[in-house]
Amino acid sequence: MSEQTQSFEVNFDGLVGPTHNYAGLSYGNVASLNNAEAISNPKQAALQGLVKMKAMHDMGLKQGIFAPHARPDINALRRLGFNGTDSQVINKAAKESPVLLRTCYSASAMWTANAATVSPSQDTADKKVHFTSANLNNKFHRSLEPVTTSNLLKAMFNDENTFVHHTHLPDQPFFGDEGAANHTRLCDDHGSKGLEVFVYGASSLNTQITGPTKYPARQTLEASEAVARLHQIPQEQRIFIQQNPDVIDQGVFHNDVIAVGNANVLFCHEQAFLNQADALTRIRQAYVGEKLHIVEVPTHAVGVQDAVTSYLFNSQLVSLADGSMMLVAPEECIKNSKVANYIEFMLSANNPINTVKFFDLRQSMQNGGGPACLRLRVALTQNELGKVNQDTLMSDEKFVLLNAWVEKHYRDQLTDSDLADPQLLTETYTALDELTQILSLGSVYEFQR
Ligand SMILES: N=C(N)NCCC[C@H](NC(=O)CCC(=O)O)C(=O)O
């Protein structure tokens with residue numbers, strides 16, 4: 001394979017922002033609700049994320065960095081009627097509605113699996129890489145993300161002959177879109193054409209499709225179809241599968257909490273999809289490559305609750321240089337004996353997954369974000385990789401710089417009284433202004449414009 005045709009999957013991890021906090025904002029996400037109002041540790045959270053990024057880089061994988069958003073979202077607070085100077089806005093919100101203040105301080109953009117859906121050039125009719133930012137309209141705090149996400153994506157993938165950026169879908173539950181967390185791509189290798197699998201939780205138009213009854217379905221079929229159209233994916237390279245509504249009701253708020261795909265492997269729980277046997281047959285038949293491996297985990301080995309608490313399926317599955325695959329799992333998987341036993345069994349069974357590496361991502365996990373939530377995958381050819389903003393890629397020097405940046409600007413812990421302190425806004429905006437220079441992003445934030 002020549003250098004120019006070689007392809008890679010690049011993982012762009014969300015750098016945890018300086019205002020990471022636990023506000024209990026995500027109904028349907030059990031960890032978020034369980035940790036509502038716990039004291040957060042933003043510095044530790046950011047450092048934990050950086051350790052994962054550096055480890056991936058050290059393993060020879062391509063690793064990128066996705067900058068945090070500016071928080072508090074002062075304009076959102078103003079739209080909600082808190083007025084005056086920035087300090088007055090914060091003081092008023094802190095007094096009247098600490099929960100709204102926490103919401104506008106949320107660092108939820110760290111979960112970049114929800115930032116956008118990405119289709120590589122091998123799958124698109126115009127042979128460009130397509131991005132659609134997710135509207136994330138199911139949760140107020142997340143609905144604040146798409147505009148800045150688009151600004152960031154354009155600053156990272158800034159070449160219109162190579163990359164296409166679509167505006168997020170209309171801000172309406174009808175088109176509820178949660179990005180790559182409900183999308184995976186199956187292919188013989190990252191450079192070959194793939195089958196794009198879109199997983200939805202409910203339909204806004206088709207009343208025959210029954211969604212969950214307790215917790216919300218965040219992704220609609222109509223959103224998935226619109227993204228597939230925008231990305232110009234040929235009919236034979238796209239498939240739409242319904243997530244099992246019963247597992248959404250048990251806390252599986254995104255498909256990436258119950259299934260993960262990488263190259264020619266789909267690793268999923270037995271109850272991930274509605275009418276699973278049919279769903280897997282459809283996927284097998286639609287697969288455009290030579291050989292697809294489906295590793296299906298039975299309920300008797302790992303229950304849905306084990307999956308939700310350990311985040312086994314929110315592991316990253318990555319292809320290593322020798323052709324084998326590694327599971328990049330959260331440490332919570334070791335603590336659950338059923339899950340730990342299953343991993344051990346899987347590594348020795350006949351499938352391409354040969355190794356596992358565990359990471360301590362507890363700060364993010366406590367808000368329902370595991371290894372796979374923290375990254376946006378972008379499959380790129382060598383040539384396309386050359387067009388990416390190189391300052392957003394991890395290197396030994398960048399790791400040192402970013403650690404120093406976190407140490408300098410982040411607080412160790414955040415409580416309600418920190419959030420009520422207008423000084424936190426100044427600290428955060430100062431930190432982000434400096435970060436845009438480290439990552440050569442330009443003026444991506446509202447406060448810089
Ligand atoms: N599965 C993927 N890909 N992403 C996980 C996102 C977690 C995020 N948690 C939160 O937004 C909690 C914020 C709080 O409660 O403070 C969410 O529910 O949208």
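In what follows, residues are counted from 1 in the order of the sequence shown. Indexing begins at 1, ligand by ligand and atom by atom, following the structure's order.
Shown here is Glu331, whose CD atom has more than 12 heavy atoms of other residues, nucleotides or ligands within 6.0 Å. The number of heavy-atom neighbours closer than 6.0 Å to CD of Gln88, taken from other residues, nucleotides and ligands shown, is above 12. Counted within 6.0 Å of NZ on Lys357, heavy atoms from surrounding residues, nucleotides or ligands total 12 or fewer; the atom is thus considered open.
Atoms of ligand 1 lying under 4.0 Å from at least one heavy atom of Ala113, given by number and element, are 3 (N). Listed by atom number, the atoms of ligand 1 under 4.0 Å from Ala181 heavy atoms are 3 (N). Interface of Gly24 with ligand 1, defined as ligand atoms under 4.0 Å from a residue heavy atom, comprises 14 (C), 15 (O), 16 (O). Listed by atom number, the atoms of ligand 1 under 4.0 Å from Ala23 heavy atoms are 14 (C), 15 (O), 16 (O). Atoms of ligand 1 lying under 4.0 Å from any heavy atom of Gly368, numbered from 1 in the order shown and given with element: 5 (C), 7 (C). Taking every heavy atom of Asn367 and a limit of under 4.0 angstrom, the matching atoms of ligand 1 come to 7 (C), 8 (C), 9 (N), 10 (C), 12 (C), 13 (C), 14 (C), 15 (O), 16 (O). Per-residue contacts place Cys373 under 4.0 angstrom from the following atoms of ligand 1 (heavy atoms of the residue considered): 1 (N), 2 (C), 3 (N), 4 (N), 5 (C).
At a 4.0 Å heavy-atom cut-off, ligand 1 touches Arg218 through the side chain alone. Residue Asn114 touches ligand 1 through its side chain alone, judged by heavy-atom distances below 4.0 Å. Under 4.0 Å from ligand 1, the heavy atoms of Arg142 that appear belong solely to its side chain. Contacts between His141 and ligand 1 below 4.0 angstrom, taking non-hydrogen atoms only, involve the side chain exclusively.
Using bins of under 30°, 30° to 60° and over 60° for the plane-to-plane angle, the ring pair His269/Phe313 lands in the perpendicular bin. Ring geometry, Phe267 versus Tyr342: the interplanar angle falls under 30°, so the pair is classed parallel (tilted spans 30 to 60°). Taking the six-membered ring where the residue is Trp, Tyr27 and Tyr215 present perpendicular rings, their angle passing 60° and hence far from 30°. Taking the six-membered ring where the residue is Trp, Phe447 and Tyr445 present parallel rings, their angle staying beneath 30° rather than reaching 60°.
Polar contact with ligand 1: present for Ser32 (N/O pair, distance under 3.5 Å). Between Tyr311 and ligand 1, a contact under 3.5 Å exists for no N or O pair. By the 3.5 Å distance cut-off applied to N or O atoms, Trp111 is not counted among the residues near ligand 1.
A heavy-atom separation below 4.0 Å is found between Asn21 and ligand 1.
Protein heavy atom in closest approach to atom 10 (C) of ligand 1: Ser26 OG, 3.3 Å. The single protein non-hydrogen atom nearest to atom 3 (N) of ligand 1 is Asp256 OD2, 2.8 Å, given as residue, atom name and distance.
Of the candidates Gln232, Lys193, Arg185, Arg185 is the only one forming a side chain to side chain donor-acceptor pair (under 3.5 Å) with Asp123.
Using a cut-off of 4.0 Å between Lys/Arg side-chain N and Asp/Glu carboxylate O, Lys54 and Asp58 are scored as salt-bridged.
Geometrically, Lys52 does not engage Phe359 in a cation-pi contact, judged by NZ or CZ lying under 6.0 Å from the ring centre and within 45° of the ring axis.
Between Tyr429 and Ala70, the closest heavy-atom pair is CE1-CB, 4.1 Å.
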